Amino acid sequence: MASAQVDLGFVDSVALSADFNAWACMNCGVCSASCPMGIDLLPRQLFRHVVLGLRAEVVQQADVIFQCLLCKACEQNCPAGVHIAENVRSLRGYLDREVFGLDRRYRVGASRPTKEGQHAAAHG
Amino acid sequence: MPLPTGDIVGLMVDNLERRSSVFPMSARKATRWARGLGIPDGGETVLYTGAMYQLLPSITAMVRLLERVEDSFLSRFVFLGRWANKVVNLSALAAHPSRADVAHYAGVLRRIARLLQQAGIPFGYLYGDDMYAGALAYDSGVDGGFATHARRVQAMLQRRGVRKLITVDPHTTNMLRSVYPEVLDGWDLEVKSYLEVLAAAGADPLQTVRRDVVIHDSCVYARYEGVIDEPRALLRDAGYRVNEPIFSREQTFCCGGPIEALFPSRAKEIGRRRLEQLQAAGGEGVVTMCPICLAALRTAAEGAIPVEDISLFLAEAYCPASPPRKGAGMPASVATDVG
């Protein structure tokens with residue numbers, strides 16, 4: 001971790017959803033204890049990486065991010081009200097756009113579809 | 001070598017964009033289940049399947065294919081399949097669902113329609129317009145492609161004059177009831193699962209079934225949509241004793257199915273763990289209420305215990321027994337299945 005690169009814009013690139021709230025995580029570990037997949041990394045460590053701007057650490061874990069079942073067993077028991085499933089979906093969206101080259105019209109700064117069916121610049 | 005996540009998700013996204021479904025199938029195949037049931041075409045209230053039960057046999061066949069590719073050198077060449085699929089519907093050509101699976105899942109839909117008819121609920125069906133709702137794209141984080149597809153579904157429903165949707169599976173229910181209102185402007189359709197509709201109608205069983213069953217809650221019904229008491233009430237009113245596994249209701253345990261296209265081996269491990277929990281609770285059969293759970297737990301059970309859709313258990317009590325249909329265009333096993 002000593003040579004970790006910090007990407008200050010990383011969290012904004014991930015948090016396109018208004019419900020994204022990785023910063024609410026207090027790292028208690030209830031999520032890891034209740035995960036049927038036994039994924040220890042998600043969401044505690046991974047969300048911390050996002051908030052700290054550690055892009056490379058997150059991208060390295062693409063498989064783990066897509067292994068989440070979105071079953072919400074963790075979210076059901078989270079004492080901090082973290083929107084874990086939506087946060088994981090946001091991470092997937094980031095990987096789709098920035099790593100896999102999918103859905104690129106939805107990138108930060110790009111014109112993206114809005115609820116009204118029109119187009120607006122994401123995040124101003 | 002694990003399966004390439006980007007290429008598999010990309011294949012689904014390409015299909016949704018070009019063919020309006022993550023796993024395209026012809027309208028003839030998708031609507032064959034409804035033959036002979038006399039369901040009117042369209043109307044203000046429609047039974048909306050979202051093609052999930054129809055797609056499952058093909059998805060199961062594709063997963064079997066991917067299982068053979070996973071951890072082999074062939075996984076490096078999945079990207080070639082994705083590019084070819086842009087031109088030819090490769091996903092449909094590569095996976096050959098078993099006739100038994102196709103008949104089994106069609107039987108679920110036929111029973112659901114008959115349960116509603118028996119309860120006196122008026123409804124139509126959109127036949128060739130009964131579109132996939134986009135759950136897999138949404139869950140994969142493909143928000144742009146999903147929003148575009150959702151607008152297509154909305155435009156079709158407006159054109160057909162639909163006001164109320166009766167859904168048959170938790171994923172389509174969640175998309176149409178909770179996600180579409182967040183994504184679409186002017187989405188004001190009423191969306192209810194057929195289990196909620198039947199429970200609210202106070203459907204009366206025609207015969208009592210004295211049998212122990214164990215219930216498996218779908219994560220999406222229980223934790224996303226709060227559909228927990230309705231299936232239990234319908235089963236208990238029919239006479240079933242409903243056993244609860246260690247993880248149940250809001251604390252239900254996933255079947256593993258949601259990741260089977262990307263991580264088939266891990267999905268199977270989760271399915272086996274869930275089946276052990278269900279077997280430990282006792283009961284002559286496992287009750288599921290989601291096509292993904294049904295497929296995952298049937299695979300895990302390998303015939304050791306019957307795993308069936310809740311519609312089968314309900315039809316035994318709420319529908320009159322009838323002889324196998326003739327000339328309805330369905331395989332005999334389905335006709336028997338729905339009887």
Side-chain angles (χ1 to χ4, degrees), chain A residues 14-20 33-39 59 61-78 83-108 110-119 122, chain B residues 2-14 17 135 137-148 150-151 154-155 171 174 181-187 218-220 222-224 247 249-263 266-267 269-271 273-274 277:
Chain A
V14 173
L16 299 190
S17 162
D19 289 333
F20 185 87
S34 53
C35 178
M37 292 288 287
I39 298 176
V59 171
Q61 300 297 335
D63 273 0
V64 175
I65 292 166
F66 274 90
Q67 273 179 21
C68 172
L69 296 155
L70 297 181
C71 73
K72 286 196 180 180
C74 50
E75 197 167 316
Q76 181 71 30
N77 296 291
C78 175
H83 305 147
I84 299 172
E86 186 58 16
N87 294 347
V88 170
R89 250 186 26 80
S90 297
L91 284 170
R92 289 179 177 178
Y94 177 85
L95 293 169
D96 290 337
R97 295 185 303 272
E98 308 295 336
V99 179
F100 302 145
L102 306 169
D103 217 24
R104 292 179 74 84
R105 63 201 146 150
Y106 215 53
R107 296 174 78 190
V108 172
S111 179
R112 70 179 175 95
T114 65
K115 184 173 176 178
E116 289 74 30
Q118 299 162 351
H119 287 79
Chain B
L3 291 165
T5 303
D7 288 321
I8 304 270
V9 175
L11 199 136
M12 292 191 300
V13 173
D14 295 340
E17 192 173 317
Y138 183 77
D139 288 351
S140 300
V142 186
D143 287 351
F146 172 78
T148 303
R151 279 195 285 275
Q154 183 182 32
H171 295 269
N174 174 241
E182 296 295 316
V183 174
L184 298 170
D185 189 42
W187 176 266
S218 138
C219 299
V220 177
R223 283 194 281 263
Y224 285 66
F247 295 110
R249 301 178 65 91
E250 293 93 342
Q251 298 294 343
T252 188
F253 193 94
C254 186
C255 65
I259 58 162
E260 66 180 356
L262 289 170
F263 306 97
R266 290 287 281 133
E269 284 172 37
I270 302 297
R273 280 179 61 194
R274 179 53 168 168
Q277 295 167 10

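What you see is a predicted model; the values in this text were computed from it and never measured. Sequence lines set the chain letters: A, B, ... in the order given, protein chains first and strands last, and positions in each chain run from 1.
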Given a strict heavy-atom distance threshold of 4.5 Å, which part of [X] is in contact with chain A: side chain, backbone, both, or neither?
X      : answer
B/Y138 : both
B/E250 : both
B/R273 : side chain

Let me know if A/A73 has heavy atoms under 4.5 Å from chain B in its side chain, its backbone, both or neither.
->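 Both parts, backbone and side chain.
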
Please tell me if the side chains of A/M37 and B/I259 come closer than 4.5 Å, counting only heavy atoms from C-beta onward.
->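 When only atoms from C-beta onward are counted, B/I259 and A/M37 do touch, with a gap below 4.5 Å.
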
Is the shortest heavy-atom distance from the side chain of B/Q251 to the side chain of A/N77 under 4.5 Å?
->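 Yes, at least one pair of side-chain atoms sits under 4.5 Å.
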
Which pair of heavy atoms, one from [X] and one from [Y], lies closest together, and at what distance?
X      : Y      : result
A/L70  : B/Y224 : O-OH, 2.6 Å
B/I270 : A/P36  : CD1-O, 3.3 Å
A/R89  : B/D143 : NH1-OD1, 2.8 Å

Got a sec, which residues hit side chain to side chain contact (heavy atoms under 4.5 Å, CB included) with A/E75, two or more places apart in sequence or on another chain?
->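 By the side chain to side chain contact (heavy atoms under 4.5 Å, CB included) rule, A/E75 matches A/K72, A/I84, A/A85.
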
Report the residues that fulfil side chain to side chain contact (heavy atoms under 4.5 Å, CB included) with A/V99, sequence neighbours left out, ordered by chain and then residue number.
->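 Listed in chain order: A/R55, A/V59, A/L95.
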
Nearest 0.5 Å, what's the CG-CD distance between B/L262 and A/Q67?
->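 Between B/L262 CG and A/Q67 CD, I get 9.0 Å after rounding to 0.5 Å.
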
Top contributor to chain B interface from A/S90, A/C71, A/A18, A/S34 [non-hydrogen pairs under 4.5 Å] |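 If we count pairs closer than 4.5 Å to chain B, A/C71 comes out on top.
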
